[in-house]
**Student:** 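Handing you a structure now.
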Amino acid sequence: MIAIILLVAVSINSLGFIFIASKDLNRLKKETQSELKLNVKLIGDYCIVPLTFQAKQQAVEALSRLKFMEGVKIGYLLDKDNNLFVTYPDSLPGKISVKNLPLTGSGYRNGFFYVNEPIVFEGEKIGNLYVVADSFKLRQQSRNLVLLLSGVFLVMVAISYFLAANLQKVFTKPILKLARKTAEISKNQDFSVKLKPHGNDEIGILYNQFNHLMEQLSKRNKERDEAEKEISFLAQVVRNINESVTITDLDDRIIFVNQSFTKTYGFTENELIGKNIEAIRSPNNPKEIIDEILPATLKGGWKGELFNRRKDGSEFPILLLTTVIYNNENKPIALVGISTDITDRKKTEKELELHRHNLEQLVAKRTAELEIEKERALSADHLKSAFLATMSHELRTPLNSIIGFTGILLQERPGKLNDEQKKQLGMVQQSSRHLLSLINDVLDISKIEAGQLKLNFEQFNIIDVINKAVEQNKQFADKKNIGLIVSVEKNICEINSDKLRVQQMLLNLLSNAIKFTETGSVEIKCYRSGKNIKLEVIDTGIGIEQDKLDRLFKPFIQIDTGLSRRHEGTGLGLSICKKLTEMLGGTIEVESNFGVGSKFTITLPL
């Protein structure tokens with residue numbers, strides 16, 4: 001018998017392990033091929049720029065990333081005409097026929113994985129990347145899998161032998177268990193013991209007959225004990241709960257009251273048993289409520305508020321909940337009432353209602369006061385903005401005169417100047433222009449907040465605005481050796497907006513980008529997005545920390561980046577840009593990586 005069980009177990013295990021090995025080998029092959037294809041796709045993306053601009057050196061550098069992929073032997077980069085562009089390694093023969101590349105797509109053949117991945121840019125195929133990798137990793141994983149399954153197979157064979165050797169002992173356990181249970185019942189006289197069913201064989205029939213005998217012996221004792229426990233438990237609960245409990249017959253005669261009831265109402269139990277429930281009810285209760293209690297209770301229950309009366313005649317409010325007791329034939333035999341004294345609750349509700357009324361009056365009064373304060377604050381804010389706008393205008397007039405006259409002096413029209421005089425006049429002119437710029441910002445923000453800034457919508461060429469902004473900042477960029485890059489999408493010409501304000505926003509963003517960029521470049525992009533036009537200013541400057549971006553567009557706020565203290569400004573420029581874009585029906589957004597650079601994007605309707 002042991003030999004038969006062992007033979008069957010070995011056969012089943014063998015088939016199972018063969019199936020598992022075959023399935024896992026196929027899975028490993030698919031995973032390896034999928035990983036290779038994904039990596040080739042990523043390297044193909046790196047080759048888009050070299051293929052587009054025919055930059056072979058960059059293509060060789062992009063293709064050299066294949067050395068980081070395990071098992072890769074050969075790589076060919078083909079252009080869109082299927083001509084060989086570069087190879088990996090770059091020492092491979094320079095002339096390779098595309099016809100010699102045997103397969104397309106991806107797969108596994110002759111012990112090698114291959115992937116022929118098309119390179120697509122903007123929906124157009126611009127080349128192919130063909131890569132061949134060996135299957136060393138797959139073979140190694142396959143050997144490990146075979147060794148593992150072999151070890152598991154040997155363990156399963158040993159377990160099968162152990163189970164077969166001990167299986168014969170299992171048949172004697174049920175009989176021994178029955179003998180032990182019989183001895184236990186004989187000693188303890190506990191007829192509630194049952195044996196777990198044991199199938200439909202001879203032992204199972206014996207177990208079932210034994211259990212049936214025990215059921216017959218213990219049934220009556222169990223039913224009696226349970227009934228006594230339930231009655232005792234319910235009686236203790238009802239007698240000792242805090243709520244007042246009464247039980248009446250169907251004619252409303254009291255047949256039971258608990259201790260809480262007698263304590264609350266001042267009666268003894270004997271004084272109430274047999275009396276009608278009306279003995280404790282106030283005659284002041286509405287008749288329609290009293291009349292609905294019994295019918296509603298017989299239908300399932302009633303809940304509501306009443307006034308009851310104590311033995312001394314005092315009345316108090318209660319919350320009453322009623323229900324029905326049924327007999328075995330599902331017929332009502334008694335009514336249960338559970339009541340709670342709600343005197344304190346009613347008193348609290350009355351006080352809360354009084355406080356609520358007073359609170360509403362206080363809230364209404366305070367709301368009116370706040371509205372008055374709000375109007376005063378808004379009026380003061382408008383007056384402040386109007387004052388700043390007026391003062392800024394008065395300050396600009398003498399500043400323009402200073403700038404103009406220093407310009408005339410620097411042109412040496414009144415007479416020759418020495419170098420020191422030119423230097424001092426240049427400093428005066430530069431400081432005046434800086435102060436005029438600050439005053440202009442204050443004037444703009446004041447006009448915006450006061451609602452006095454008027455916009456002049458017109459059709460204009462956005463390219464002219466971009467070129468003018470670049471021209472005005474070119475000297476500043478050249479001084480810092482920073483490159484200015486302009487990228488404008490084709491077919492973008494005129495938009496309908498306020499030319500002066502668009503130019504003001506672009507000048508502000510461009511000057512900020514140059515100011516906070518020490519090395520690298522600043523790029524201006526302009527392109528269409530649906531029914532909108534987007535202007536992007538991208539720099540390689542110091543960047544902005546993420547937790548400070550939400551404060552960037554607030555007035556008079558300058559982000560402390562460690563270098564900002566070296567630069568001048570009021571912190572109004574970006575706030576003005578945001579308000580102007582919103583007035584023009586657009587938006588302004590910022591993306592920034594600290595230490596890498598920032599990108600500001602203005603979106604305006606065409």
Side-chain angles (χ1 to χ4, degrees), residues 27-144 482-483 485 487 517 519-521 523 525 538-541 543 591 593-597 599:
R27 176 184 60 80
L28 290 172
K29 183 184 293 183
K30 288 182 178 180
E31 288 178 354
T32 303
Q33 185 174 338
S34 177
E35 181 181 1
L36 178 63
K37 187 175 181 180
L38 177 62
N39 289 329
V40 171
K41 178 68 172 63
L42 291 174
I43 293 177
D45 291 340
Y46 284 114
C47 295
I48 290 177
V49 173
L51 281 174
T52 303
F53 298 96
Q54 294 295 303
K56 287 195 174 184
Q57 183 57 38
Q58 292 185 15
V60 170
E61 292 176 359
L63 211 59
S64 66
R65 289 180 172 86
L66 290 173
K67 66 184 178 181
F68 299 109
M69 294 170 52
E70 187 176 356
V72 172
K73 299 299 182 182
I74 298 173
Y76 299 121
L77 180 61
L78 309 177
D79 61 19
K80 63 181 180 180
D81 297 323
N82 285 338
N83 295 321
L84 184 64
F85 192 66
V86 294
T87 66
Y88 170 82
D90 57 358
S91 60
L92 289 176
K95 294 184 179 180
I96 301 295
S97 174
V98 178
K99 296 180 180 180
N100 294 331
L101 303 181
L103 298 171
T104 60
S106 62
Y108 178 82
R109 192 180 70 170
N110 298 330
F112 289 88
F113 291 99
Y114 64 89
V115 174
N116 194 346
E117 183 69 20
I119 301 173
V120 179
F121 178 64
E122 295 185 347
E124 180 181 359
K125 178 182 173 184
I126 63 172
N128 281 68
L129 178 58
Y130 183 87
V131 174
V132 177
D134 64 28
S135 58
F136 174 78
K137 181 178 179 182
L138 176 64
R139 293 196 300 272
Q140 187 178 30
Q141 291 177 333
S142 301
R143 285 195 296 270
N144 293 338
I482 295 172
I485 304 171
S487 176
T517 300
T519 59
S521 62
E523 182 178 4
K525 287 186 176 182
I538 307 168
D539 64 62
T540 58
E591 299 174 18
N593 291 322
F594 185 65
V596 177
K599 179 174 76 172

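Along the sequence shown, the residues carry numbers beginning at 1.
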**Student:** Is a side-chain N or O of S487 found less than 3.5 angstrom from the main chain of K525, in a donor-acceptor match?
**Tutor:**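 Checking the backbone N and O of K525 against the side chain of S487, no donor-acceptor pair under 3.5 Å is found.
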**Student:** Quick one: pull up OG1 in T32 and CZ in R27 and give me the separation to the nearest 0.5 Å.
**Tutor:**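 T32 OG1 to R27 CZ: 9.5 Å, rounded to 0.5 Å.
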**Student:** Applying salt bridge (charged side-chain N to carboxylate O under 4.0 Å, His left out), can you list everything that pairs with K56, at least two apart in sequence or on another chain?
**Tutor:**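 For K56 there are no salt bridge (charged side-chain N to carboxylate O under 4.0 Å, His left out) partners, ignoring immediate neighbours.
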**Student:** If you count heavy atoms of other groups shown closer than 6.0 angstrom to CD of Q54, is the number above 12?
**Tutor:**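 Count over threshold, so yes.
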**Student:** Could you give the distance from OG (S34) to CD (E31), rounded to the nearest 0.5 Å?
**Tutor:**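 That separation rounds to 8.0 Å.
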**Student:** Quickly, which of L77, D79, L78 forms a side chain to side chain contact (heavy atoms under 4.5 Å, CB included) with L84? Name it, please.
**Tutor:**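 So, applying the side chain to side chain contact (heavy atoms under 4.5 Å, CB included) to L84 and each of L77, D79, L78, only L78 qualifies.
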**Student:** For T519, is there any backbone N or O sitting under 3.5 Å from a side-chain donor or acceptor partner on T540?
**Tutor:**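 Answer holds: yes.
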**Student:** List the steps and the verdict of side-chain contact (heavy atoms from CB on, under 4.5 Å) for K67 and Y88.
**Tutor:** CA-CA 9 Å; K67 66 184 178 181; Y88 170 82; 3.2 Å; yes
**Student:** Given N116, which partner from the list V131, V132, L129, N128 fulfils the side chain to side chain contact (heavy atoms under 4.5 Å, CB included) test?
**Tutor:**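 Result for side chain to side chain contact (heavy atoms under 4.5 Å, CB included) with N116: N128.
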**Student:** Could you state the interatomic distance from CG (D539) to OG1 (T517), rounded to the nearest 0.5 Å?
**Tutor:**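 Taking CG in D539 and OG1 in T517, the distance rounds to 4.0 Å.
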**Student:** Whether the S106 and Q33 side chains hold a donor-acceptor pair (N or O, under 3.5 Å, no angle test) is what I'd like checked.
**Tutor:**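 The answer is yes; a qualifying pair exists.
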**Student:** For residues 37-52, which side-chain N or O atoms pair as donor and acceptor with protein atoms under 3.5 Å away, sequence neighbours left out?
**Tutor:**
from, atom 1, to, atom 2, distance (Å)
N39, ND2, E35, O, 3.2
K41, NZ, D45, OD1, 3.2
T52, OG1, I48, O, 2.6

**Student:** Any idea which heavy atoms bring S521 and I482 closest together, and the distance?
**Tutor:**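 Heavy-atom minimum between the residues: CA-CG2, 3.8 Å.
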